[in-house]
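Sequence positions, counted from 1, serve as the residue numbers for this chain. Because the structure is predicted, anything quoted here is derived from the model rather than measured.
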Amino acid sequence: MLVKATNQYEKLNVKDKELNRILKEGEKIEVTKERYEVLTKNNKYNVVFVKKVEEIKKIETATKKVNTEKTVKKTTKKVK
């Protein structure tokens, strides 16, 4: 899961246990679901250290316009 660090690391002067350094605000890191729970809810500081990054992947769709031509068959009748 991709997350972005908040300013709480710098504000509280707390090092991340896994990275062993203080993360800067806006820095993106990859964490597990369990680690996300700790960094957002279940920590001793009771603060949110990271925010989930919502990356919206736009899928480009191509539409094809089909131009159809209608032909008219001209017939002539012979008069006898």
Side-chain angles (χ1 to χ4, degrees):
M1 173 182 309
L2 189 63
V3 295
K4 187 177 3 176
T6 62
N7 65 344
Q8 294 298 326
Y9 280 107
E10 294 173 329
K11 189 176 180 180
L12 298 173
N13 200 24
V14 176
K15 285 185 180 181
D16 186 80
K17 285 185 178 181
E18 290 183 357
L19 299 174
N20 200 24
R21 63 184 175 91
I22 298 173
L23 295 175
K24 295 183 181 180
E25 184 178 1
E27 190 172 340
K28 293 180 183 178
I29 58 171
E30 188 76 29
V31 295
T32 61
K33 193 173 188 178
E34 294 80 22
R35 183 81 176 130
Y36 177 74
E37 294 293 321
V38 172
L39 293 173
T40 55
K41 300 173 188 172
N42 305 328
N43 56 58
K44 67 180 181 180
Y45 299 100
N46 293 325
V47 295
V48 177
F49 286 104
V50 294
K51 291 181 183 177
K52 194 177 204 181
V53 175
E54 297 291 330
E55 289 191 19
I56 300 171
K57 295 181 180 179
K58 291 187 178 182
I59 300 172
E60 186 177 338
T61 56
T63 57
K64 183 177 179 182
K65 293 182 180 179
V66 179
N67 292 333
T68 57
E69 291 183 20
K70 295 182 180 180
T71 58
V72 178
K73 184 177 180 183
K74 294 183 179 181
T75 57
T76 57
K77 292 184 180 179
K78 291 186 179 179
V79 179
K80 290 186 183 178

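Tracing side-chain contacts under 4.5 Å through hydrophobic residues (I, L, V, M, F, W, Y), one never reaches Val38 starting from Leu19; they form parts of separate clusters. Under the 4.5 Å side-chain heavy-atom criterion for ILVMFWY residues, no single connected hydrophobic cluster contains both Leu2 and Tyr9. Linking ILVMFWY residues whenever their side-chain heavy atoms come closer than 4.5 Å, directly or via other members, places Val31 and Ile22 in the same cluster.
Val3 places none of its side-chain heavy atoms less than 4.5 Å from the side chain of Phe49. Here the side chains of Gln8 and Val14 are not in contact, with every heavy-atom distance at 4.5 Å or above.
Judged as a salt bridge (Lys or Arg N to Asp or Glu O under 4.0 Å), the pairs with a partner in residues 13-22 (not counting sequence neighbours) are, in order, Asp16-Arg35, Glu18-Arg35, Arg21-Glu27. Residue pairs meeting the side-chain hydrogen bond (donor to acceptor under 3.5 Å, both in side chains) criterion with at least one member in residues 36-48, sequence neighbours excluded, do not occur.
With rounding to the nearest 0.5 Å, the separation of CG in Leu23 from CG in Asn7 is 12.0 Å.
Here Glu10 pairs with nothing under the salt bridge (Lys or Arg N to Asp or Glu O under 4.0 Å) rule; sequence neighbours left out.
Nearest heavy-atom pair across Ala5 and Lys24 is CB-O, 3.5 Å.
One N or O on the side chain of Glu30 and one on the backbone of Met1 form a donor-acceptor pair closer than 3.5 Å.
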